[in-house]
K.L.:
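The following block contains the structure, expressed as structure tokens.
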Amino acid sequence: MNSDAKRLDDPAAITRGDPHDARQALADFPRQCRAAAGLRPEPAPRAERPPLVVAAGMGGSAAGGDVLAACGAERLPVPIVVHRGYGLPPAASGRALVIASSYSGGTAEVLSAVDTAVERGLAVVAITSGGALRERAARHGIPTALLPGGLMPRMALGYLLFPAVAALRAVGLDVAGEPEVAEAVSIVEELAPALVPERPAGDNEAKRLALAIGDRLPAIYGGPTTGAVAYRWKTDIEENAKAFALSGVLPEMNHNTIEAWRAPRASEMHLVVLREHDEPPPIARRFAVMRELVGDAAGGVSECWARGRGRLARLLSLAYLGQWTSYYLALLRGVDPWTVPLLDELKRRVGIEAASDGVLD
Ligand code: F6R
């Protein structure tokens, strides 16, 4: 066993490398999902089925919207648009429903989306642990799923996702039925013991992936539905491991990015593909041919397979694997997986400027 693998199996080294105990938040993720599956916005959202859903959020709080949209794309008669930014798109009008998610409740872009929604008289659901979003919601009588605090937003994916599923069901949009929600929770419960630090590297998919990626630049690609999770891997690696990562989606990347996968630069990259066992044959073929074409030039290739039957379980299992992989990458790179000092500093400075411009409350 090499020294990196030993480090990931050494409890003392893990405690030193993770002083804020991010591992506990990740190990608790199945419990978070089970609790979140019981959360509902209060009061219940109004019952009319909307022709458009806009999931407004930033960073970790947008990730629930991405999973929601990927699940919804396959079965809903209406689109779910994930909106990352200030205000709302003009299409958010009339009977559109806005799901405003901000774990902290203090994110300027999401507050501005809520203000715009209120101005336009749109139906809104808030998902938050408190802050200004909770206050706004109370002021305007907006149905709110109130989340427990204390987590980093990116580690609260269960809390941000499941109440949104419930909110949509309440307005006649069945993104995932109760059995699919139950399956998703069971799948992450089963997966947790296989990924926690106590499970040695030889038998731990997340540790093995982190070791395989090592110092290389990870490029994560998913198929038409797992692509939403590929992006989540990228942001988890950026925030937890403080390292660059790329992400993309097949088939689109076959039409552009594939050309960049050439020697010698491709040897600095690690290709990670997020797969499903019953992919449509054209997608499976594309993954196979892509590997034939770029596999030799790449520094390394890893395939990760979704678990479960339902879409929700599959996406959540891949997202959970990505969380742990980024966690172990953080330990290997000697950075604290919990803190995000640049992100915080940027929010602080922009917040001060925005407040003096009168943009924020
Ligand atoms: C930090 C994180 C960030 C935040 C984002 C928005 O852990 O994941 O990406 O999610 O800055 O903040 P919230 O989620 O509080 O609205």
Side-chain angles (χ1 to χ4, degrees), residues 18-26 28-29 32 36 54-68 82-88 98-117 124-137 142 144-164 228-229 231-245 247 319-320 322-327 329-330 335-352 354 360-361:
D18 176 18
H20 296 92
D21 214 0
R23 61 197 177 285
Q24 192 58 51
L26 298 191
D28 278 344
F29 186 65
Q32 176 192 137
V54 179
M58 301 303 299
S61 289
D66 282 337
V67 173
L68 204 66
V82 181
H83 177 68
R84 293 174 160 92
Y86 291 92
L88 285 171
V98 176
I99 300 183
S101 302
S102 169
Y103 183 73
S104 64
T107 296
E109 297 92 321
V110 179
L111 296 173
S112 126
V114 171
D115 291 344
T116 306
V124 186
V125 170
I127 302 179
T128 186
S129 71
L133 179 54
R134 183 185 184 185
E135 284 163 23
R136 289 264 208 305
I142 291 171
T144 302
L146 192 60
L147 312 176
L151 289 170
M152 278 302 201
R154 62 191 182 278
M155 296 175 190
L157 177 61
Y159 284 136
L160 292 155
L161 172 63
F162 287 103
V229 182
Y231 181 71
R232 165 71 177 185
W233 276 56
K234 169 180 143 68
T235 59
D236 265 346
I237 292 169
E238 289 161 347
E239 290 186 62
N240 296 337
K242 284 77 181 162
F244 285 112
S247 71
Y320 194 34
Q323 284 196 307
W324 277 114
T325 303
S326 64
Y327 173 82
L329 276 172
V335 293
D336 183 342
W338 182 266
T339 54
V340 279
L342 288 177
L343 197 156
D344 287 342
E345 176 63 9
L346 189 132
K347 279 189 187 184
R348 200 184 61 78
R349 289 199 204 177
V350 172
I352 290 166
L360 295 181
D361 278 348

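First listed ligand is number 1; within each ligand, the first listed atom is number 1. Predicted model only: the values in this text are computed from it and were never measured.
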K.L.:
Can you pull the residues with any heavy atom under 4.0 Å from ligand 1?
P.N.:
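Correct list: Met58, Gly59, Gly60, Ser61, Ser102, Tyr103, Ser104, Thr107, Met152, Pro153, Arg154, Glu239, Leu343, Lys347.
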K.L.:
Could you tell me which residues satisfy side chain to side chain donor-acceptor pair (under 3.5 Å) with Arg134, sequence neighbours excluded, listed by chain and number?
P.N.:
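Result, side chain to side chain donor-acceptor pair (under 3.5 Å) vs Arg134: none returned.
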K.L.:
Salt bridge or not between Lys242 and Glu238? Use side-chain N to carboxylate O under 4.0 Å.
P.N.:
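Here Lys242 does not pair with Glu238 in a salt bridge, since their nearest N and O are not under 4.0 Å apart.
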K.L.:
Which residues pass the side chain to side chain donor-acceptor pair (under 3.5 Å) test with Glu135, sequence neighbours left out?
P.N.:
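Expected list: none.
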K.L.:
Between Arg349 and Asp344, is the closest basic N to carboxylate O distance under 4.0 Å?
P.N.:
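Answer for the salt bridge query: no.
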K.L.:
Passes side-chain hydrogen bond (donor to acceptor under 3.5 Å, both in side chains), Tyr327 versus Asp236? Steps please.
P.N.:
CA-CA 8 Å; Tyr327 173 82; Asp236 265 346; over 6 Å; no
K.L.:
Restricting to ring pair (Phe, Tyr, Trp, His ring centres under 6.0 Å), what partner residues turn up for Phe29, sequence neighbours left out?
P.N.:
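Checked Phe29 against ring pair (Phe, Tyr, Trp, His ring centres under 6.0 Å); matches are Tyr320.
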